[in-house]
Amino acid sequence: MSFCLGLTGSIGMGKSTTAQLFADQGCAVWDADAAVHRLYGKGGAAVGLMQAAFPGAVENGEVSRAALKLIIGKDPAALKRIEAIVHPLVAQDRAAFRDKAQSDILVFDIPLLFETGGNAEMDAVACVTVDAQTQQERVLARGTMTVEQFRHILQKQMPIEEKMARANYVIETDTLEHAEAQVAEILADIRSKLSHA
Ligand SMILES: CC(C)(COP(=O)(O)OP(=O)(O)OC[C@H]1O[C@@H](n2cnc3c(N)ncnc32)[C@H](O)[C@@H]1O)[C@@H](O)C(=O)NCCC(=O)NCCS
Ligand SMILES: Nc1ncnc2c1ncn2[C@@H]1O[C@H](COP(=O)(O)OP(=O)(O)OP(=O)(O)O)[C@@H](O)[C@H]1O
């Protein structure tokens with residue numbers, strides 16, 4: 001049985017970047033947002049269900065994120081209905097990964113880990129964090145979201161202070177070097193616990 005480490009944090013705080021640091025240090029990584037991309041893509045398991053629920057959201061056989069954002073912009077409650085379709089499919093994808101992954105430590109990059117109760121399936125949780133201003137600057141610099149869309153997603157997520165308080169490890173993503181050192185410390189801590197178990 002592999003050790004399952006959940007990796008979470010608020011939007012744009014550095015989950016994907018930190019997940020890559022774990023991968024560089026030998027962990028197999030599963031990424032919830034990437035799973036959503038597969039589910040929304042051509043032939044993905046969410047396409048038919050989304051077509052039925054939001055006919056305008058499917059274009060050329062795939063779910064359009066731009067169309068979804070317009071739908072959510074007009075009707076914020078639509079996000080809940082999207083989640084009800086997507087989250088069970090994401091949970092299935094995660095279980096399939098866990099069943100076949102090989103490394104001693106598996107890392108699950110899950111933005112909504114605590115919000116969806118996924119932490120119950122983890123042996124430990126690491127939470128990434130950075131100050132609110134840097135967070136907003138990083139998200140808006142990607143150019144994929146307006147400040148209103150950013151705030152809407154942000155207010156749906158559990159406050160970062162609460163995520164940090166519930167996590168076993170906190171990783172500050174102020175610089176790459178600092179994050180890399182914290183990842184190495186966490187892996188050493190987990191591996192020493194595993195070797196004494
Ligand atoms: C709202 C959508 C269309 C925005 O797409 P876009 O490509 O612009 O952004 P992206 O998917 O990269 O998300 C950006 C950030 O917002 C977070 N986020 C996305 N959906 C949600 C949500 N329902 N609640 C809180 N945070 C969310 C992401 O995890 C990520 O941290 C898209 O995220 C979506 O379809 N979300 C619903 C599915 C979902 O709940 N995904 C969360 C991971 S399981
Ligand atoms: N340790 C770090 N040092 C400096 N910059 C970082 C660090 N970690 C992440 N960043 C930068 O912050 C931005 C957001 O990082 P990343 O995409 O990893 O966040 P995320 O939490 O996965 O985002 P999302 O919630 O939108 O999926 C990127 O531009 C990335 O380069």
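First listed ligand is number 1; within each ligand, the first listed atom is number 1.
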Let me check something: do V29 and M122 share a hydrophobic cluster, defined by ILVMFWY side-chain heavy atoms less than 4.5 Å apart, either directly or through other members? no
Which residue and non-hydrogen atom of the protein lie closest to atom 25 (C) of ligand 1, and at what distance in Å? L112 CD2, 3.4 Å
Tell me the contacting part of T173 for ligand 2: side chain, backbone, both, or neither, using a 4.0 Å heavy-atom threshold, strictly below. both
Are V147 and L140 side-chain neighbours, meaning at least one heavy-atom pair lies under 4.5 Å? yes
Does G14 offer a backbone N or O that forms a donor-acceptor pair with the side chain of T17 under 3.5 Å? no
Quick one: which of T8, D31, D33 has a heavy atom closest to atom 43 (C) of ligand 1? D33
Protein residue, atom and distance nearest to atom 20 (P) of ligand 2, heavy-atom basis: K15 N, 3.4 Å
Is the closest heavy-atom distance from D174 to ligand 2 below 4.0 Å? yes
To the nearest 0.1 Å, how far is atom 2 (C) of ligand 1 from its closest protein heavy atom, and which atom is that? K69 CG, 4.5 Å
For atom 18 (O) of ligand 2, what is the closest protein heavy atom, and at what distance to 0.1 Å? T17 OG1, 2.6 Å
Between E115 and K163, is the closest basic N to carboxylate O distance under 4.0 Å? yes
What is the nearest protein non-hydrogen atom to atom 1 (N) of ligand 2, stated with its residue, atom name and distance? T175 O, 3.1 Å
Identify the protein heavy atom lying closest to atom 13 (O) of ligand 1, giving its residue, its atom name and the separation to 0.1 Å. M145 CE, 4.3 Å
side-chain contact (heavy atoms from CB on, under 4.5 Å) partner of L49, chosen from I82, V86, I85: I85
Just to confirm my output: which protein heavy-atom neighbour is closest to atom 19 (O) of ligand 2, and how far is it? G14 N, 3.1 Å
Tell me: protein heavy atom nearest atom 27 (O) of ligand 2, and distance? D33 OD2, 3.3 Å
N/O donor-acceptor pair under 3.5 Å between H196 side chain and S192 backbone: yes
Output yes when a protein non-hydrogen atom is found under 4.0 Å of atom 9 (C) of ligand 2, and no otherwise. yes
Heavy-atom proximity to atom 6 (P) of ligand 1, best of R65, M158, R142: R65
My understanding is that we take every heavy atom of each candidate and find the minimum distance to atom 14 (C) of ligand 2. Doing that for A141, A34, G12, A179, which one comes out nearest? G12
Where ligand 1 meets L79 - atom numbers and elements under 4.0 angstrom, heavy-atom basis: 23 (N)
Kindly identify the option in R138, R142, Q135 whose heavy atom sits closest to atom 17 (O) of ligand 2. R142
Please could you name the atoms of ligand 1 that Y40 approaches to less than 4.0 Å, counting only its heavy atoms? 34 (C), 35 (O), 37 (C), 38 (C)
Side chain to side chain donor-acceptor pair (under 3.5 Å) between D24 and Q20, worked out: CA-CA 6 Å; D24 294 344; Q20 184 56 49; 2.8 Å; yes
Taking everything shown except K42 itself, do over 12 heavy atoms lie less than 6.0 Å from its NZ? yes
Shortest heavy-atom approach to atom 24 (N) of ligand 1 - which of H152, E83, Q149: E83
Any idea which of I153, L89, L154, I82 brings a heavy atom closest to atom 27 (C) of ligand 1? I153
So if I count the atoms of ligand 1 from 1 in the order they appear, which ones are less than 4.0 Å from some heavy atom of Q157? 17 (C), 25 (C), 26 (N), 27 (C)
Give the contacting part of H87 toward ligand 1: side chain, backbone, both or neither, where contact means a heavy-atom distance below 4.0 Å. side chain
For the pair Q135 (side chain) and I11 (backbone), establish whether a donor and an acceptor sit closer than 3.5 Å, ignoring hydrogens and angles. yes
Run the numbers on F114 and V125 for side chain to side chain contact (heavy atoms under 4.5 Å, CB included), then give the verdict. CA-CA 10 Å; F114 288 121; V125 174; 3.7 Å; yes
P111 neighbourhood, listing ligand 1 atoms whose heavy-atom distance to it stays under 4.0 Å: 29 (O)
Between T116 and ligand 1, find which residue part has any heavy-atom pair under 4.0 Å and reply side chain, backbone, both or neither. neither
Within the 4.0 Å heavy-atom cut-off, what V63 brings close to ligand 1 is neither
Just to confirm, does any protein heavy atom lie below 4.0 Å from atom 34 (C) of ligand 1? yes
Could you go through D131 and T134, starting from their C-alpha distance and side-chain angles, then the distance that decides it, and tell me whether this counts as side chain to side chain contact (heavy atoms under 4.5 Å, CB included)? CA-CA 6 Å; D131 65 274; T134 307; 2.7 Å; yes
Derivation of the side chain to side chain contact (heavy atoms under 4.5 Å, CB included) call for L106 and L5: CA-CA 6 Å; L106 310 182; L5 178 68; over 6 Å; no
Could you tell me whether E83 and K156 have a side-chain N and a carboxylate O separated by less than 4.0 Å? yes
Please indicate, with yes or no, if any protein heavy atom is found under 4.0 Å from atom 29 (O) of ligand 2? no
When you measure from atom 1 (C) of ligand 1 to each heavy atom in L70, V36, I72, L68, which option holds the nearest one? I72
Quick check: do F108 and L7 have side-chain heavy atoms less than 4.5 Å from each other? no
When you measure from the side chain of S2 to the backbone N and O of S103, does any donor-acceptor pair fall under 3.5 Å? yes
Can you find an N/O atom of L176 closer than 3.5 Å to an N/O atom of ligand 2? yes
Measure up the F97 and W30 rings against each other and bin them: parallel (under 30°), tilted (30 to 60°), perpendicular (over 60°). tilted
Salt bridge (Lys or Arg N to Asp or Glu O under 4.0 Å) contacts in which one or both residues fall within residues 87-111, not counting sequence neighbours: R38-D93, R94-E121, R98-E121, D104-R191
Atoms in ligand 2 flagged as close to S16, the criterion being non-hydrogen separation under 4.0 Å: 18 (O), 20 (P), 22 (O)
Quick one: look up the protein heavy atom nearest atom 15 (C) of ligand 1 and list residue, atom name and how far away it is. I11 CD1, 3.5 Å
Taking 4.0 Å as the limit for heavy-atom contacts, which would you say applies to I110 with ligand 1: side chain only, backbone only, both, or neither? neither
Decide yes or no on side chain to side chain contact (heavy atoms under 4.5 Å, CB included) for T129 and V170, but give the supporting numbers first. CA-CA 7 Å; T129 187; V170 171; 3.7 Å; yes
